[in-house]
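In what follows, a structure is listed as structure tokens, so that the remarks can point back to it.
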Amino acid sequence: MRAFQTARVLASLLLLALFAPVAFAQSATPDPQRVAAAKELMEVTGVSKQLEEMIAVMGQGFRTGAADAAGQAKAEEAGKEFDAHMKRLMSYRQSMLDDFAALYAEKFTLEELRQVTDFYKSPAGAKFVQAVPELIQAGAQIGIKYSRKAMENPKP
């Protein structure tokens, strides 16, 4: 099912986007102190919770788009496939989080990680973290809005 394959690619890209601040940094084994600081940063920013919320929003958006494109019956079938894929993907959740912590540790110094963590512990940083679920939800709605427009008007 082509819509499901597209959604699977989008889901993977959205997971990458969640961790975009540290994307594509690779090296040897990172310093354990930096990894610990990265994990603290991820805890403060609620990365694990954001991951769950993002998957829920993606599933909702996927079902809405599939229903619009192919009808409710096909949307349910595609939704089940999407859920199964996400379940398989999330079976690697802890490994993914560990790998992302290693990326943070490779990209940023220990002092930088501490500074960013301190920001997210500040009132402005905490407010930002609190707003992220709403931003994800609103962002998904914006994406759905323009996806529908693109399907209605296939030629720009």
Side-chain angles (χ1 to χ4, degrees), residues 1-26 30 35 38-108 113 116-117 119-156:
M1 174 173 284
R2 185 169 193 184
F4 175 68
Q5 291 171 335
T6 301
R8 192 169 36 192
V9 170
L10 288 173
S12 298
L13 290 174
L14 285 171
L15 285 172
L16 179 61
L18 178 63
F19 300 101
V22 296
F24 307 115
Q26 292 283 337
V35 172
K39 286 182 178 184
E40 180 182 8
L41 173 60
M42 291 170 64
E43 179 66 32
V44 168
T45 57
V47 167
S48 184
K49 183 178 178 188
Q50 290 172 13
L51 184 59
E52 289 176 17
E53 291 170 349
M54 185 178 62
I55 288 171
V57 168
M58 287 185 324
Q60 176 188 7
F62 177 74
R63 282 176 171 75
T64 300
D68 289 349
Q72 193 60 39
K74 294 277 187 186
E76 284 304 314
E77 180 184 331
K80 288 178 184 176
E81 288 182 46
F82 180 86
D83 291 344
H85 175 72
M86 289 294 107
K87 185 176 180 179
R88 284 190 307 273
L89 178 65
M90 293 313 294
S91 72
Y92 299 103
R93 176 192 182 127
Q94 190 57 54
S95 295
M96 282 192 301
L97 293 172
D98 290 345
D99 286 352
F100 282 117
L103 283 173
Y104 277 61
E106 292 169 4
K107 182 70 176 169
F108 299 99
L113 289 164
V116 174
T117 300
F119 165 74
Y120 282 111
K121 288 181 177 180
S122 75
K127 182 177 180 180
F128 182 84
V129 170
Q130 286 277 322
V132 166
E134 183 180 335
L135 294 171
I136 290 172
Q137 181 71 35
Q141 296 306 314
I142 291 168
I144 290 168
K145 172 183 168 182
Y146 287 99
S147 291
R148 286 180 175 156
K149 284 185 178 200
M151 287 190 310
E152 292 168 2
N153 303 308
K155 294 183 182 180

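Scope of the values below: all heavy atoms of this structure, side chains included, with no hydrogens, waters or symmetry mates.
- For the atom pair CD of Glu40 and NZ of Lys121, the computed distance is 4.0 Å after rounding to the nearest 0.5 Å.
- Note that CG of Asp83 is 9.0 Å distant from CE of Met86, once rounded to the nearest 0.5 Å.
- The structure places CE of Met90 at 12.5 Å from NZ of Lys87, a figure rounded to the nearest 0.5 Å.
- The two residues Thr117 and Val44 come nearest to each other via the heavy atoms CG2-CG2, 3.9 Å.
- Here the CZ-CG distance, from Phe100 to Leu51, works out to 8.5 Å after rounding to the nearest 0.5 Å.
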From CA spacing to verdict: side-chain contact (heavy atoms from CB on, under 4.5 Å), Gln141, Ile144: CA-CA 5 Å; Gln141 296 306 314; Ile144 290 168; 4.1 Å; yes
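- The nearest pair of heavy atoms linking Ala105 to Leu113 is CA-CD1, 4.2 Å.
- For the atom pair CG of Asn153 and CZ of Arg148, the computed distance is 14.0 Å after rounding to the nearest 0.5 Å.
- Between the CG atom of Leu103 and the CZ atom of Phe108 there is a distance of 10.5 Å, given to the nearest 0.5 Å.
- Between Lys49 and Glu43 there is no salt bridge, since no side-chain nitrogen of the basic residue lies less than 4.0 Å from a carboxylate oxygen of the acidic one.
- The two residues Leu97 and Met42 have their closest heavy-atom pair at O-CE, 3.5 Å.
- In this structure, Leu89 and Met96 approach most closely via the heavy-atom pair O-CE, 4.0 Å.
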Derivation of the side-chain contact (heavy atoms from CB on, under 4.5 Å) call for Arg93 and Glu52: CA-CA 10 Å; Arg93 176 192 182 127; Glu52 289 176 17; 2.8 Å; yes
